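Everything quoted here is computed from the prediction, not taken from an experiment.
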There are 4 protein chains.
Amino acid sequence: MKPNPYKNQLTTLKRKGSSDTEARIRNAALNLFTKKGIKGTTTREIATKAGIAEGTIYKHFKSKEELAVKLFLHCMDAFTTELLESIRELTDPRDKIAALIKSFFYFAKREPKIYSYIMVVHHTELGKVLKQIEPKPKDVFTQVIREGIQKGYFRKMDENLAAALVIGMMTRVILFYERGLITTSYTELISEVVEAAFRVLNETKSEYNI
Amino acid sequence: MKPNPYKNQLTTLKRKGSSDTEARIRNAALNLFTKKGIKGTTTREIATKAGIAEGTIYKHFKSKEELAVKLFLHCMDAFTTELLESIRELTDPRDKIAALIKSFFYFAKREPKIYSYIMVVHHTELGKVLKQIEPKPKDVFTQVIREGIQKGYFRKMDENLAAALVIGMMTRVILFYERGLITTSYTELISEVVEAAFRVLNETKSEYNI
Amino acid sequence: MKPNPYKNQLTTLKRKGSSDTEARIRNAALNLFTKKGIKGTTTREIATKAGIAEGTIYKHFKSKEELAVKLFLHCMDAFTTELLESIRELTDPRDKIAALIKSFFYFAKREPKIYSYIMVVHHTELGKVLKQIEPKPKDVFTQVIREGIQKGYFRKMDENLAAALVIGMMTRVILFYERGLITTSYTELISEVVEAAFRVLNETKSEYNI
Amino acid sequence: MKPNPYKNQLTTLKRKGSSDTEARIRNAALNLFTKKGIKGTTTREIATKAGIAEGTIYKHFKSKEELAVKLFLHCMDAFTTELLESIRELTDPRDKIAALIKSFFYFAKREPKIYSYIMVVHHTELGKVLKQIEPKPKDVFTQVIREGIQKGYFRKMDENLAAALVIGMMTRVILFYERGLITTSYTELISEVVEAAFRVLNETKSEYNI
DNA sequence: TATGAATGAGCATTCATTCAT
DNA sequence: GATGAATGAATGCTCATTCAT
C-alpha cells in the first residue's frame, strides 16, 4: 500500500474508528465520482487511485453503490453540519441568512469535491436517498426563512419557495464561477448574493445592511 | 417495427428530412436518458422502447455518445429558440425579462423531458459540449440583462452574475416544484419568480409592475 | 466461428428451431460439466470449447445456471423418452423390466456424457429441479414394477423400494465398469444385472428366463 | 472464539492430538460441503460456522482442497473401520454380509453428514483420491463376497460385480429414503435389502435365513 | 496459535458496436 | 434501411490465500 496522499487533506471524511484504508477509498471515490460520475467510475479506478487492491473496497463497502450512498450521506452531513454551525450563536434571522450564504460559499470553496459530489448526486437515480436525509441544507434555509417571516423581518411568502430562490441563486452563481463565466472575486460574489437574497426576502429592498 | 407512439407527440424532435425511425430513436433515448441517465441507459433499452432492432441505431447515429450529443444540441436549440421567440416582438428589457421567465417555466412544463435532459447533461462529462453551443439560454438572459443595464432599467452589476441569479432562481424553483416541495400553483410560481427577479435586478424594489 | 465439431454427433441435444450455436453451447457445456462439474466450469471455457465468444452464451441462456438447468431437463427428457420407447410395444412387465435395464445400459454407453451429467446433477444443489420433472426414469421403473406386482409376476413389496434396488444395481455396476473395477463385457454385465433384478423381484429365484 | 458447538457431537472427526480448533474446522466444513458442495462452500463460510478467523484455517490445512481431502480420508476411514468392526468376530460370510449391510445402514443413519460427504465426493474431481485409499468400503464387501463364493455359500460370479450390485442397492435405497420416496421404516428397509442381497448372491433364493 | 485486513487473479455477466443477410 | 446474432473488452464482484501483528 502506497503512502496515503490524502492523509492530511480531508479529515472531514475520516470517521473516528474507521481505518486509514477506508478514508483512502472514500477520497479516491469522491475525486473520481465528481470527475466522471458514479456510473462512469470503475472500481478498478477507485482502487488504483486509493493505492489499494480492488478486493479491498469490498471489505469496507458491500458494493459500489453502497460506497456512493455512504459517501453521499457523509458529504451531506458535513455540509449540513457546517451550515448549522455557522448560525449556532446567532439569533436574528437576517444575520442567520447572511451567515448561511457565506458558509455555503465557503464550503463550496474549501471542499469543492464534496460540494460538487452533492450537486452531481442530485441529478442521479441515487437522488432518491435524498428524501431519507434529515435535515438537509435546504431544511436549514427553510427553517431560518420561516423564522424570519414569523418575526416580521421577511415578507410573507411560501418558505420553501423562498428557500428555492435563495439556494438557486447560490448554486448557479457558484456553477458560473467554477466554469469561469463570472470573473468577479469570490468575496465580492458572496456580498452580491447576500444583497440579492435580501432583496428577494425583505419587505422592501435592502432595508437590512449587511 | 411497431407503430410509432411518439408520432404525434414531439414534433420538436423531428427534423425535416429525418426519418420516422430517427425520431423514434431520439424520443426513446430522451425518455430513458432523463429517467436513468445516459450511462445508465443501454442501447438495447433504447431499441426496445423505439420498437426497432439494436443495430438500427447505428444506421442513424455513429455511437451512443453521438446520439446523446445530437439529442442535447437539439434540446438546447429548441429551448433557446423558444426563449428567443418569446421576446422577438418586445423592446423593453423589463418586458423581455418577464417574458423570458414565463417562457422558461412554460417550456419546462410543456417539454419536461427536454428540459430535464438539459439539466441532467449539465452535470455530466457531456457538459463539455455546452461551450460549443451558441447562443444558449444563459446567453439570452445575459444579453437582455446587459441591455437593461445599459438602458438604465436595471442596476449596474455583472450581467453574467445577474443571469446566474435569475436562472438559478428559476431552475431551483422548478426543481422544488417537480419534487413536490412547493405546492404553490405553477402560475403563481411564475409571478413570484418574476417579482423576485425584478427585486434582484431593479435599482429599487419592484418599481416595475408585471 | 469455427466449424462445429459436434454437428453430426449429438442431434439429441439439438432442438428443432434452435440454432447451431445453441447446440454448440449445449454440447460444450455438457462435456465440461461432466468433466469438471458445473461450479468448476467457467463460461470462458464453455465459449472456447464451443468456438464462440463468451457473450454469445448470454444471447441463448440467461445465465450459466439456466444453461445447466435447461441442459439437465434436456438430458432427463432424452433419457426418459428412450426408456419409455424401449417398452412401448411390450406388455409383460417382466419383458418390460428386462427391456428397461438393457435400454438403461445402452443409453449410458451410447450417451455417456448425458448419462454422466444426470448422475452428477443428482448430487448438486441443482438436484432440486429434479422434483419438478415428471416422469423421470425412476418413475418408469416404479410404474412397471407396480404393474408386475399387480399382475402377480413380482413378489409383493414397496414398488419404490424395488425400483431403488434395481436402479441402484444398474447405476453402481455402470460406475464400477466406467472406473475399470469390473472387467466383464458390457453385454455380459447387462445379463447379470437382469438376472439379479429378477432374483430381487420374483417370487422365487429366476423363474423367468431372460 | 465462540464455544465449540460440536464439542460433544462428533468425536469421530477429532483425532488424538489435533486441537479443538481443527475439529471445529472439520465439522464446519463437513456440514457445509454436504449442503453446498465443496466448490460451493467458501472458506469464509467455514470460518464463520467454525467461529474462527478465516486465516486460522490455513494454520491447520494447507489449502481448502487439502481440508476437503483430509476430511474425506477421515470420513472414509471412519466408515471402513466401522464396517470392518461389524464383522470382526464373525466367520460365516453370510453373517458377514448381513452384518455389513446393517452396519452400512446404521452408519448412514448415525453419521448422515459423513455418509453424505462420501457420496458427494464420489461425483467430484476429488474422486481421484479414492484410488489411493485402501481398503475402502467397497473392498470390504468384495473381500467378504469372494470369501463367500470360495466357501460355496454364494454363487460363482465376479466379486466386484456382486459388490457393485449390493452396494448399489444400499446406496440407492438410502438415497430414496432420505428424499422421502420410501416410507418404509428404516429397520424394515434393512431387512429388505439384506433379503435382496441374498437373493442376488445365493445359489438359490433366500436359502439363508437372516 | 490466532487474527483479520489486504490481496489480486479470476469469475459471471453486460453492453456498445459490427456485419452478413 | 433494417435486422439481430455475434462479438469481446470491460465491469462489478468473489474468494482462496497471505502476512504483519
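- Distance OG1/A:Thr124 to NE2/B:His123: 9.0 Å, rounded to 0.5 Å.
- For the pair D:Lys59 and B:Glu65, nearest-nucleotide mapping onto DNA chain E gives the more 5' position to D:Lys59.
- Of all nucleotides present, only E:dT7 satisfies the Watson-Crick or G-U wobble test against F:dA16, with each distance under 3.5 Å.
- Between B:Phe61 atom CZ and E:dC15 atom P the separation is 21 Å, expressed in whole Å.
- When Watson-Crick and G-U wobble pairs are counted only if both distances are under 3.5 Å, F:dT21 pairs with E:dA2.
- Closest heavy-atom contact between A:Lys49 and A:Lys35: NZ-NZ, 3.5 Å.
- Atom-to-atom, CD of B:Glu22 to C1' of F:dA2 comes out at 14 Å; the value is rounded to the nearest Å.
- Dashed line: the shortest gap from a side-chain N or O of D:His60 to OP1 or OP2 of E:dT1 is not under 4.0 Å.
- F:dC15 atom C1' lies 10 Å from atom CD of D:Glu45, rounded to whole Å.
- Separating the CD1 atom of B:Ile38 from the C1' atom of E:dA16 is a distance of 15 Å, rounded to the nearest angstrom.
- Here A:Tyr58 does not reach the OP1 or OP2 of F:dT14: none of its side-chain N or O atoms lies under 4.0 Å away.
- Listed here is the closest heavy atom pair of B:Glu22 and B:Phe61: CG-CZ, 3.7 Å.
- As rounded to whole Å, 14 Å separates atom P of E:dT18 from atom NZ of B:Lys64.
- One finds a side-chain N or O of A:Thr56 lying less than 4.0 angstrom from the OP1 or OP2 phosphate oxygen of E:dT7.
- For the pair C:Ala53 and A:Gly55, nearest-nucleotide mapping onto DNA chain F gives the more 5' position to C:Ala53.
- For the atom pair OG1 of B:Thr34 and CE of B:Met119, the computed distance is 13.0 Å after rounding to the nearest 0.5 Å.
- To the nearest angstrom, C1' of E:dC15 lies 14 Å from CD of C:Glu54.
- Between the CD1 atom of A:Ile133 and the CG atom of A:Asp77 there is a distance of 9.0 Å, given to the nearest 0.5 Å.
- F:dC15 atom P lies 17 Å from atom CD1 of A:Ile57, rounded to whole Å.
- Contact annotation: B:Thr43 side-chain N/O to E:dA16 OP1/OP2 distance is under 4.0 Å.
- For the pair A:Lys39 NZ and F:dT11 P, the interatomic distance rounds to 14 Å; values are reported in whole Å.
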